[in-house]
2 protein chains.
Amino acid sequence: MGVTKTELFTAEQSRIAELAKAFAHPARVAILQHLAKTQSCICGDLVDVLPLSQATVSQHLKELSRIGIIKGNVQPPRVCYCINEAVWEEAKATFGALLALFEQNTCC
Amino acid sequence: MGVTKTELFTAEQSRIAELAKAFAHPARVAILQHLAKTQSCICGDLVDVLPLSQATVSQHLKELSRIGIIKGNVQPPRVCYCINEAVWEEAKATFGALLALFEQNTCC
DNA sequence: ATAGATAATCGCAATAGTACGATTAATAAA
DNA sequence: TTTATTAATCGTACTATTGCGATTATCTAT
C-alpha cells in the first residue's frame, strides 16, 4: 500500500487496522478459517488446500505470525501452525467493540 | 497490493476480505469511528478531524463507499456521509460468525 | 554420509494502495 | 454574473503487497 502515516493516528486505530489486515486478503481468510475449523495444527498441507504456491503461502503465514494471530510450532522438517488464542480473543473484543459503536442513524 | 487472485477463492472469502479492508487502514478506522460516534451526518469536517489532505480523505471515502459501508448524501456544495446500516450489520454478522469459528486449540 | 522432505527466504516482476498539489465541477450567495 | 465554498478527480511519486521460481536451511530416515 503506499506510505501509511501510522504516527498520525492513535495506537488503538493502528492496532485495529493491523488486526483487520489479517482478514483483508482471501488467502489469509482461507488460512484462518482452515486453522479455526480443524481445531488442530496444520502443517504444510495448507499448501494443498490453497491455490497458491508454497512460497506465497509461507509469506501469508509470516504476515499472520507478525500480526500475532497465529503461532508456529517448529518440529522439523515440519512446522505446526495454529490460532493464537489470545490474539484471536483480542480481535473478537476489538471488532466487537468497534462494531458496537454504531446502532442506527439519526439523520440520513 | 499486488495481484490478488480473487477468482481462486470463494465469494464469501472475498467479501470478508473486502469488508476487512474497510478497517485495514488507520485513517478509515478513524473515519468510521467518527461517523459511528457522532450519530449524525458529517460533511467536510472529516478533513479537519483527520491529519490528511482533502484529496486523500476523499479517496478513503470513495473506497469506503465502494465497499458499501458508508453512503453519501449529496447536497452541494456539501456531501453528507454516514454509516450504511445494512452493510454495518453485514460486517457485524460476518466477523461475528468468523470469529466464532474458533474457541480453543486442542493441540498447541 | 547421503538422500528425502518440508518450509523459509531470496530475487524478481507486476499490481495495488497512499498521499498530495492542482484542477475541475457544482452549487449557493453576493 | 461573479465569487466563494465544498468535494471529486487528475496526475504524479513513491511504497507496500502479492505471487512465484529457485535456492537454502534444517531435520529425518536410510
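Given the structure is predicted, the values throughout are model-derived calculations rather than measurements. Chain letters run A, B, ... following the sequence lines, proteins first and then strands; every chain starts at 1.
No side-chain donor-acceptor contact under 3.5 Å links A:W88 to the backbone of A:I69. Using a distance-only test at 3.5 Å, with no hydrogens or angles considered, a donor-acceptor pair links the side chain of A:S53 to the main chain of A:T56.
Ion pairing between a basic and an acidic side chain is recognised when a charged N comes within 4.0 Å of a carboxylate O; B:E63 and B:R66 show such pairing.
Closest to the B:Q54 side chain, of the nucleotides D:dC20, C:dC20, D:dA7, is D:dA7. Checked against C:dT18, C:dA8, D:dC20, the side chain of A:V79 finds its nearest nucleotide in C:dA8. Of all nucleotides listed (D:dG19, C:dC20, C:dT9), D:dG19 comes nearest to the side chain of A:L52. For A:P77, whose side chain is taken as the heavy atoms from C-beta onward, the closest listed nucleotide among C:dA8, C:dA19, D:dC27 is D:dC27.
Counting any heavy atom pair closer than 4.0 Å across all strands shown, B:Q59 reaches a base atom.
In terms of phosphate contacts, B:S58 brings a side-chain nitrogen or oxygen within less than 4.0 Å of OP1 or OP2 of D:dA8. Between B:Y81 and D:dT6 there is no side-chain N or O to OP1 or OP2 distance below 4.0 Å.
Here the C1' atom of nucleotide D:dT17 and the CD atom of A:E18 are 15 Å apart, to the nearest Å. One interatomic measurement links the two molecules: NZ of A:K21 to P of D:dA16, which rounds to 9 Å at whole-angstrom precision. For B:K62 and C:dA19, the NZ to C1' distance is 15 Å, given to the nearest whole Å. Residue A:R28 contributes atom CZ, which lies 8 Å from atom C1' of D:dT17 at whole-angstrom precision. Here D:dA16 presents its C1' atom at 13 Å from NE2 of A:H25, a figure rounded to the nearest Å. Atom CD in B:E63 sits about 14 Å away from atom P in D:dA8, given to the nearest Å. For the pair A:D45 CG and C:dA7 P, the computed distance is 8 Å after rounding to whole Å. Going from atom CD of B:Q75 over to atom C1' of D:dA8 covers 16 Å, rounded to whole Å.
Put simply, the side chain of B:H60 reaches to within 4.5 Å of the side chain of B:L52, judged on heavy atoms.
In this model, a donor atom of one side chain and an acceptor atom of the other lie less than 3.5 Å apart for A:Q13 and A:T10.
Comparing B:H60 and A:T56, the nucleotide of DNA chain C nearest to each residue sits closer to the 5' end for A:T56. Nearer to the 5' terminus of DNA chain C, by closest-nucleotide assignment, is the contact made by A:A55 (compared with the other of B:S53 and A:A55).
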